[in-house]
Protein chains: 2
Amino acid sequence: MTLHLIGIGLADEKDITVRGLEIIRSCDKIYLEHYTSLLQCTTEELEQFYGKPVKIANRTDIENNMQHILDEAKKQEIAVLIIGDPLAATTHVNYLIEAKKQHIKMNIIHNASILTAVGEVGLELYKYGKVTSIPFAESETPYNVLAENQKQHLHTLMLLDLNPKENNFLTIKEAIEKLEKIESAKKGNFLAADLIAVARLGSTDSIIKAGTIETLKTIDIGMPPYCIIIPGKMHFVEKEAVELWKQK
Amino acid sequence: MTLHLIGIGLADEKDITVRGLEIIRSCDKIYLEHYTSLLQCTTEELEQFYGKPVKIANRTDIENNMQHILDEAKKQEIAVLIIGDPLAATTHVNYLIEAKKQHIKMNIIHNASILTAVGEVGLELYKYGKVTSIPFAESETPYNVLAENQKQHLHTLMLLDLNPKENNFLTIKEAIEKLEKIESAKKGNFLAADLIAVARLGSTDSIIKAGTIETLKTIDIGMPPYCIIIPGKMHFVEKEAVELWKQK
């Protein structure tokens with residue numbers, strides 16, 4: 001019996017790999033972790049495509065009831081579906097550690113992650129510093145991460161908060177205003193140059209736009225999920241790529 | 001008409017996404033870039049699975065004859081298959097820039113990359129510094145990258161050189177000996193602690209082993225491709241993960 005951690009990619013039901021799909025179809029029970037990201041399709045569309053029922057796992061299930069899922073995997077074939085790549089975020093490394101400790105067979109199916117898909121923007125992946133999120137709530141954390149990355153000349157990827165259940169998504173404009181407010185309070189200077197705003201990266205209708213904070217606050221880039229990228233020190237090829245995103 | 005850059009993942013023909021497979025099957029011409037990495041299957045197995053002929057593109061085709069491929073994409077549906085994710089490496093960002101300049105429609109299908117699959121090792125992805133390769137030839141570059149990353153407390157991912165055409169693969173032992181030789185010449189001290197050796201990451205029979213350089217020189221981790229990871233400063237959860245790879 002095996003616990004399968006399966007990445008389902010970034011956009012919709014067809015982003016699963018052929019191998020991942022075969023495994024899902026052979027599993028006894030399928031969980032979908034659905035609180036950290038957003039697909040461009042519904043759970044019903046996933047179920048229809050897989051031909052299997054999919055149980056939504058909320059934050060409590062995954063983080064606190066991990067042992068319950070591990071126990072099930074001792075007796076059945078269990079799939080835990082994760083949007084993006086299953087091990088790009090640290091949360092799921094705990095599965096790996098616990099499964100190994102408890103001698104539960106584990107199978108990992110990798111997939112596209114926002115951390116590599118952001119390569120599309122044209123900034124070198126290894127020059128990104130720590131990734132951060134901009135939450136709905138007031139928080140200085142994203143700005144502090146940005147400041148730390150900037151000091152090391154690194155690019156910063158910021159994921160904008162979302163609450164798919166309540167159809168609530170932090171917009172690019174709201175996120176920039178939050179950053180500006182903290183920058184102003186801290187008398188910082190990290191938002192002066194061009195920023196990059198991204199929507200639905202990894203889907204066929206993704207949009208990438210570059211511009212000043214004033215420009216980006218006014219643009220419409222359609223439906224979520226959203227990211228903001230703040231470049232650190234750029235090589236000339238990176239600058240050339242950013243210039244392209246300034247055009248209409 | 002469109003140029004499709006399609007990531008085919010890390011191991012074999014079934015690592016393509018369902019969307020990627022559909023596109024390949026609808027394309028007029030399919031190129032496979034085959035010199036930067038290695039699959040666990042043959043080109044014939046890809047062709048059989050896709051139901052389409054696949055033309056191997058060598059380094060000259062892709063880097064120097066990019067314009068030829070771009071021109072074809074003005075008149076036909078062209079797929080360029082790339083092992084891993086299509087935009088994790090900078091080479092392919094040039095496609096993006098040129099296609100945009102020349103108003104050629106571009107479609108990107110992301111997939112798993114070694115850069116995120118290495119998350120399986122349990123070290124935080126954002127704490128990796130610059131990625132480097134250890135070539136067959138004498139080169140101080142990988143050691144210099146390691147030194148730079150270590151000074152910033154960052155982890156280092158080293159990809160071991162390969163020449164699939166001639167069935168030649170730098171082994172873990174050979175790579176470590178190269179690093180030791182440079183360390184000794186430079187009187188450095190970056191190879192003292194535990195290292196991690198990885199084979200076939202992203203495939204179902206991948207192996208991860210941690211240990212001292214002396215231990216890793218003696219282990220057998222099967223077929224390539226190989227990577228070495230040299231941890232920077234580790235958080236306790238990262239240390240716990242590394243400990244797991246020391247066990248048999």
Side-chain angles (χ1 to χ4, degrees), chain A residues 7 9-22 49 84-90 92-94 96-97 100-101 107-132 152 157 201-202 204 206 235 237-238 240-241 244-245 247, chain B residues 7 9-22 49 84-90 92-94 96-97 100-101 107-132 152 157 201-202 204 206 235 237-238 240-241 244-245 247:
Chain A
L10 295 166
D12 67 26
E13 73 276 11
K14 290 189 176 175
D15 289 331
I16 184 89
T17 66
V18 173
R19 168 165 290 109
L21 184 59
E22 286 181 357
F49 189 70
D85 181 86
L87 288 170
T90 345
H92 307 110
V93 174
N94 292 324
L96 203 76
I97 293 175
K100 205 164 157 84
K101 278 185 187 167
N107 180 27
I108 295 159
I109 304 294
H110 290 287
N111 206 320
S113 160
I114 186 72
L115 301 184
T116 39
V118 76
E120 217 173 297
V121 167
L123 302 180
E124 293 263 18
L125 291 182
Y126 69 83
K127 290 203 270 174
Y128 278 83
K130 188 169 176 173
V131 180
T132 186
Q152 298 173 61
L157 170 63
L201 200 66
T204 45
S206 64
H235 186 260
V237 181
E238 295 180 298
E240 191 179 4
L244 286 177
W245 310 124
Q247 299 163 15
Chain B
L10 296 165
D12 67 27
E13 72 277 9
K14 289 190 177 175
D15 289 331
I16 184 91
T17 66
V18 173
R19 168 164 292 106
L21 184 59
E22 286 181 0
F49 189 69
D85 181 86
L87 288 170
T90 345
H92 307 110
V93 174
N94 291 325
L96 203 75
I97 294 175
K100 205 165 157 83
K101 279 186 188 166
N107 180 29
I108 295 158
I109 304 293
H110 290 286
N111 206 320
S113 160
I114 186 74
L115 301 184
T116 40
V118 76
E120 216 173 298
V121 167
L123 303 180
E124 293 264 19
L125 291 182
Y126 70 82
K127 291 203 272 174
Y128 278 83
K130 189 168 175 174
V131 180
T132 187
Q152 299 173 62
L157 170 62
L201 200 63
T204 45
S206 63
H235 185 262
V237 180
E238 294 179 298
E240 191 178 2
L244 286 176
W245 309 125
Q247 298 162 18

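Source: prediction; values computed, not measured. Letters A, B, ... are given to chains in the order of the sequence lines, protein chains preceding strands, and every chain is numbered from 1.
- Residue B:V121 does not touch chain A at all, counting heavy-atom pairs closer than 4.5 Å.
- Note that CD of A:E22 and NZ of B:K14 are 3.5 Å apart. Values are rounded to the nearest 0.5 Å.
- Looking at A:V237, the atoms closer than 4.5 Å to chain B (heavy atoms on both sides) sit in the backbone and in the side chain alike.
- One distance of note links CD1 of B:I16 with OG1 of A:T17; it measures 9.5 Å at 0.5 Å rounding.
- To the nearest 0.5 Å, atom OG1 of residue B:T116 and atom CD1 of residue A:I114 are 11.5 Å apart.
- Only the side chain of B:N107 comes within contact range of chain A, with at least one heavy atom under 4.5 Å from a heavy atom of that chain.
- Note that NE2 of B:H110 and CD of A:E120 are 3.5 Å apart. Values are rounded to the nearest 0.5 Å.
- Considering only heavy atoms from C-beta on, A:V18 stays 4.5 Å or farther from B:E13 through its side chain.
- The closest side-chain heavy-atom distance from B:L125 to A:V131 is not below 4.5 Å.
- Ion pair A:E240/B:K101 flagged as a salt bridge, since at least one NZ, NE, NH1 or NH2 atom sits closer than 4.0 Å to an Asp/Glu carboxylate oxygen.
- With a 4.5 Å cut-off on non-hydrogen atoms, A:E238 does not touch chain B at all.
- With a 4.5 Å cut-off on non-hydrogen atoms, B:L21 touches chain A through its side chain but not through its backbone.
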I would like to know whether A:D12 and B:R19 meet side-chain contact (heavy atoms from CB on, under 4.5 Å); could you show each step before the answer?
CA-CA 9 Å; A:D12 67 26; B:R19 168 164 292 106; 2.8 Å; yes
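- At least one side-chain heavy atom of A:I97 sits less than 4.5 Å from a side-chain heavy atom of B:L244.
- Counting heavy-atom pairs closer than 4.5 Å to chain B, the top residue among A:I108, A:D85, A:L115 is A:I108.
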